[in-house]
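Structure record follows, encoded as structure tokens.
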Amino acid sequence: MTPEVRIGGGVVSRLPEVLGQARRVLVVHGRRSFRAGAAAALVDGLATDVRSYAGVRPNPDLRQVREAVALAREYRPDAVVGIGGGSAMDVAKCVAVLAGCADDPRSYLLGSSPIPERRSCRLIQIPTIAGSGSELTCFATVYAGHRKLSLDHPSARADHVLIDPDLASTVPTPVAAASALDAMGQAVESAWAVAATPESRDLAVQALETLTPVLGAATSRGTFTEPGLRTELARGAALAGAAINISRTTAAHALSYPLTARYGIAHGVAVGLHLRWLIGHNSAATAADTRHPDGPEALRRIIDDSQRICREGAGVPLETMIDRLLAMHGLDGLQIPRRQWHEDLSGGRAANNPRVVSHEDVLRNAGGTTRLMHGSRHS
Ligand SMILES: [Fe+2]
């Protein structure tokens, strides 16, 4: 399923048209950002029966998914509308996919119950924070305690996506910076992924070419509030989302999840902290330890190309751009906490990294203190 995507200022006003004949609409969103933004007025004005699940929190957990799915199973909506950041998109996917199923959501997220090919309702995604690209992917991340669960199924992809940069005008700078790190990480990781295809690599290059001038301008101004920047950031993030929907992400994402689940570090920040050292690590791949199907030289060309795009777009290499976005998020000189990384390196995302990464590689490259940061929990 390929979503119908509309991007631009004011496109969110097309929601009634996109909903068409839907009689019962379930809106899935968070609390504060939703009420502060223009989306709330739009939903209030819908001339159809609407119910809301307003319990989405950053880094959503199984409890929220169970609550939202229970509401959907009782209400039987014709359409589910996700409004918010990547967390709202992810919960909306779970709700739309599992509304017509009978088992506990946990069993589908663990892969023990099969997910039906068809949904019982339509899915419309309206991202209000540009970055995750989640509105264009068919997978979602849900936490159960410190454990990461996943929904990964073609039916989790939306029917319609409305990307309206005006909705992002109230997003605080630290949140915008974390989301920008996620978008940039996803573009870089998609380009070098083992599972990349010519189509996904083309999307990843377009994403980087779109994102880097925006990131250069935003980090030098210290804000993402300029409407032109927001539009291009939304466009670049959506391209990166479309790229990883094909290629999936790699080790930076695999290693980011425990930082989010255990230490509450914002997802994009956790990705950026690992991406910074993985750029050099992957560039140094040899014939003996590369996983890239085209070999280490081709991998280096891909990474050099990403660096060139960043220099041309933003005037600095990728690592410097990551540092600037981390500083914009409010973190300077952060060290990655020391932990046992073996389990984080045993999954599919780590295997999709173009060079083998060991526990020792992470400790050597990512430092390792237990100095943690405060106030960095954003989605
Ligand atoms: Fe991500």
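As the structure lists them, so they are numbered: ligands from 1, and atoms in each ligand from 1.
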- request: Starting from the C-alpha separation in whole Å, work towards a yes-or-no answer on salt bridge (Lys or Arg N to Asp or Glu O under 4.0 Å) for Arg23 and Asp49.
  value: CA-CA 6 Å; Arg23 288 178 298 119; Asp49 191 45; over 6 Å; no

- request: Report the C-alpha distance between Glu319 and Gln307 in whole Å, list the side-chain angles of each, state the deciding distance to 0.1 Å, and finish with yes or no for side chain to side chain donor-acceptor pair (under 3.5 Å).
  value: CA-CA 9 Å; Glu319 292 91 335; Gln307 290 285 23; 3.1 Å; yes

- request: Validate the cation-pi geometry between Lys148 and Tyr257: distance from NZ or CZ to the six-membered ring centre under 6.0 Å, angle to the ring axis within 45°.
  value: yes

message: Arg308 vs Glu312, test: salt bridge (Lys or Arg N to Asp or Glu O under 4.0 Å). Steps then yes/no.
response: CA-CA 6 Å; Arg308 177 188 54 74; Glu312 287 175 6; 3.2 Å; yes

query: Between His253 and His274, is the gap from one ring center to the other below 6.0 Å?
result: no

- request: State the CG-CG distance between Leu255 and Leu259, to the nearest 0.5 angstrom.
  value: 8.0 Å

message: Considering the Fe ion (ligand 1), could you give the total of protein N/O/S atoms lying closer than 2.8 Å?
response: 4

